[in-house]
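In this text the structure is predicted, and so the values were computed from the model without any measurement. Letters A, B, ... are given to chains in the order of the sequence lines, protein chains preceding strands, and every chain is numbered from 1. Below, each value reflects all heavy atoms present in this structure, side chains not excepted, and no hydrogens, waters or symmetry copies.
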Amino acid sequence: MNLEFQIKKKSGRNFSRCGEFCIRGIRVETPVFMPVGTYGAVKSVSPDEIYEIGYNLILANTYHLYLRPGHKVVENFGGLRGFTGFDRLFLTDSGGFQVFSLAKLREINENGVTFRSHIDGSLHCFTPELSMEVQNSLGADIIMAFDECPPGNADYEYVRKSIEITYNWAERSIEAHKRKEDQALFGIFQGGIYLDLRKESLAQITSLPFDGFAIGGLAVGEKKEDAYKIVEEMVHRMPEDRPRYAMGIGDPVDLLFYIKNGVDMFDCVMPTRNARNGQFFTYNGRFNIRNSRFTEDRLPLEEGCNCYSCRRFSKGYIRHLYFQNEILSHRLLTIHNLNFYCRFILDIKEAIRQDRLEEFESRFKSVFSETEEGQL
RNA sequence: GGGGUGGUAGUUAAGCUGGUUUAUAACGCCGGCCUGUCACGCCGGAGGCCGCGGGUUCGAAUCCCGUCCAUCCCG
């Protein structure tokens with residue numbers, strides 16, 4: 001396809017922008033945050049709830065769905081849409097990152113990567129061709145090219161080789177991907193914390209006809225200042241007329257920084273995984289429901305929040321549910337966190353439209369990051 | 001009344017044929033972490049006059065005596 005991406009508003013003071021793209025008639029406004037639904041479900045909440053909270057684009061994982069239940073099974077159900085009932089949009093990860101972060105005994109060569117499943121230890125080989133085939137079977141709306149994601153502490157020589165491989169795999173991904181009407185294909189550039197390799201990789205990947213571009217290999221163990229430096233130097237060099245996607249990024253303070261530098265799309269497990277570990281996000285900072293000071297707290301997770309959890313339940317009750325291992329606590333915390341992220345992105349968009357993102361950022365950070373005691 | 005068994009962190013237990021310098025563990029409690037999800041996960045911390053009182057010994061949660069409590073069996 002030829003993904004139409006329109007920029008509606010550009011800041012005059014930084015690289016931030018508001019835009020939108022449309023796939024199968026479903027409009028996505030950017031900046032956009034995508035919740036992660038690894039196995040075709042955002043853990044603990046239903047597709048309807050996801051949509052009602054305000055999301056119409058979620059990420060699902062090629063690697064996981066390939067292992068279970070198998071991409072052919074999903075295909076026979078009519079792809080992820082038919083399988084899950086989430087009648088909106090899916091972006092699928094290529095599997096490259098999972099092989100890096102989950103699989104044991106991986107061996108990378110030009111052809112692809114062989115690894116052992118984290119589930120049963122069985123041997124598999126992923127290639128760009130297979131990744132495209134799997135993502136096609138899954139019926140993803142946005143498909144990611146197969147890349148190699150080096151760890152944050154990888155040395156120069158290793159990363160130099162990895163960008164060559166990533167380039168080779170990007171070309172093969174395009175070749176192997178049978179273009180469908182309503183299916184976008186995004187490329188990913190790498191380069192670790194090395195600016196020259198980043199520039200080289202970006203040039204290589206953007207020479208190919210992708211519908212959008214992602215900056216990969218960030219928040220994978222490198223120092224935060226190194227990541228920030230790369231973002232500052234690189235994002236504004238990414239093609240302006242295509243969506244820019246920062247993979248795996250999701251700390252709220254990071255989101256602001258990345259958006260300010262021109263990123264349009266994000267995905268992250270943070271709101272959902274952290275919810276299941278007791279953490280909830282508010283404009284006053286992040287808190288853990290396990291803390292004993294919430295035992296008798298009759299107030300909602302965040303005062304003024306209009307989400308289902310906050311309309312109906314107190315922190316004291318949710319804390320009780322958490323400690324009794326009641327599934328409901330995971331649901332309520334997840335719903336709230338997803339709602340917070342949604343609200344946060346909406347506020348950011350509004351700030352961009354008014355060209356007040358920097359003020360918004362400093363105000364947000366002054367409260368969110370400084371929270372110590374009794375701010376609720 | 002006689003006999004058996006047991007009393008060790010908040011809880012449940014291990015250690016108990018005497019001897020490593022800070023008496024273990026699990027759960028609970030307190031706190032931290034989580035960035036393209038092996039994730040109801042991971043890491044750390046606090047907490048014990050080893051029922052009580054004597055005795056033996058260089059040394060006792062461990063052996064002996066007494067005592068209290070719990071529990072079971074027999075009268």
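- Distance CZ (A:Arg276) to P (B:A39): 8 Å, rounded to an integer number of Å.
- Atoms CG (A:Asn277) and C1' (B:U35) sit 14 Å apart, rounded to a whole Å.
- Contacts of A:Gln190 with the nucleic acid, taken as non-hydrogen atoms under 4.0 Å apart, include base atoms.
- Base contact: A:Thr272 has a heavy atom under 4.0 Å from a base atom.
- B:C49 and B:G7 have their C1' atoms separated by 16 Å, given to the nearest Å.
- A salt bridge between A:Arg198 and A:Glu233 is absent, with no side-chain N of the basic residue lying under 4.0 Å from a carboxylate O of the acidic one.
- In the set B:G36, B:U35, B:C34, the nucleotide with an atom closest to the side chain of A:Asp251 is B:U35.
- Within the nucleic acid shown, A:Asp267 comes within 4.0 Å of sugar-phosphate atoms alone, with no base atom in reach, counting heavy atoms only.
- For an aromatic pair to be called close, the ring centres must be under 6.0 Å apart, and A:Phe280 with A:Phe287 satisfies this.
- Within 4.0 Å (heavy atoms only), A:Asn61 reaches sugar-phosphate atoms of the nucleic acid but no base atom.
- B:G44 and B:U56 have their C1' atoms separated by 44 Å, given to the nearest Å.
- Comparing the same atom, P, in B:G18 and in B:G59 gives a spacing of 16 Å after rounding to whole Å.
- Separation of the P atoms belonging to B:G51 and B:C74 is 29 Å when rounded to the nearest angstrom.
- For A:Asn291 and B:G31, a side-chain-to-base donor-acceptor distance below 3.5 Å is absent, hydrogens and geometry of angles not being considered.
- A:Tyr156 and A:Leu195 are members of different hydrophobic clusters when ILVMFWY side chains are connected at heavy-atom separations under 4.5 Å.
- Of all nucleotides present, only B:C29 satisfies the Watson-Crick or G-U wobble test against B:G45, with each distance under 3.5 Å.
- Among B:C30, B:U35, B:G36, the nucleotide with an atom closest to any side-chain atom of A:Ser292 is B:C30.
- Spacing between B:U24 and B:A61 at atom P, rounded to whole Å, works out to 14 Å.
- In this structure B:C63 sits in a base pair with B:G55, meeting the Watson-Crick or G-U test at under 3.5 Å.
- Using a cutoff of 4.0 Å between basic side-chain nitrogens and carboxylate oxygens, A:Arg68 and A:Asp120 are not scored as salt-bridged.
- Scanning atom types as modelled, one donor and one acceptor separated by under 3.5 angstrom connect the side chain of A:Arg290 and the base of B:G32.
- Here the side chain of A:Ile188 is nearest to one of B:G36, B:C34, B:C30, namely B:G36.
- Rounded to whole Å, the P atom of B:U8 lies 26 Å from the corresponding atom of B:G1.
- Looking at heavy-atom distances under 4.0 Å, A:Gly217 makes contact with a base.
- When each of B:C29, B:G36, B:C34 is scored by its nearest atom to the side-chain atoms of A:Phe323, the top-ranked nucleotide is B:C29.
- Toward the 5′ end of RNA chain B lies the nearest nucleotide of A:Cys149, the other residue of the pair A:Cys149 and A:Asn325 mapping further downstream.
- Residue A:Ser44 is out of contact with every strand shown, counting any heavy-atom pair closer than 4.0 Å.
- Nucleotides of RNA chain B nearest to A:Gly278 and A:Lys43 differ in position, and the one nearer the 5' end is that of A:Gly278.
- At whole-Å resolution of the value, CZ in A:Phe280 and P in B:G32 are 11 Å apart.
- When the P atom is used for both B:U67 and B:U21, the distance is 34 Å, rounded to whole Å.
- Considering only the side chain of A:His330, B:C40 comes nearest among B:C40, B:U35, B:C33.
- One atom, CZ of A:Phe257, and another, P of B:U35, lie 19 Å apart when rounded to the nearest Å.
- Taking atom CG of A:Asn288 as the reference point, atom C1' of B:G41 lies 13 Å away to the nearest angstrom.
- When A:Lys365, A:Arg13, A:Arg363 are each tested for a salt bridge (charged side-chain N to carboxylate O under 4.0 Å, His left out) with A:Glu358, only one passes: A:Arg13.
- Taking 4.0 Å as the cut-off between side-chain N and carboxylate O, A:Glu164 and A:Lys161 do not count as a salt-bridged pair.
- Between B:G4 and B:A9, the two C1' atoms lie 29 Å apart (nearest whole Å).
- The nearest pair of heavy atoms linking A:Met132 to A:Met144 is CE-O, 3.3 Å.
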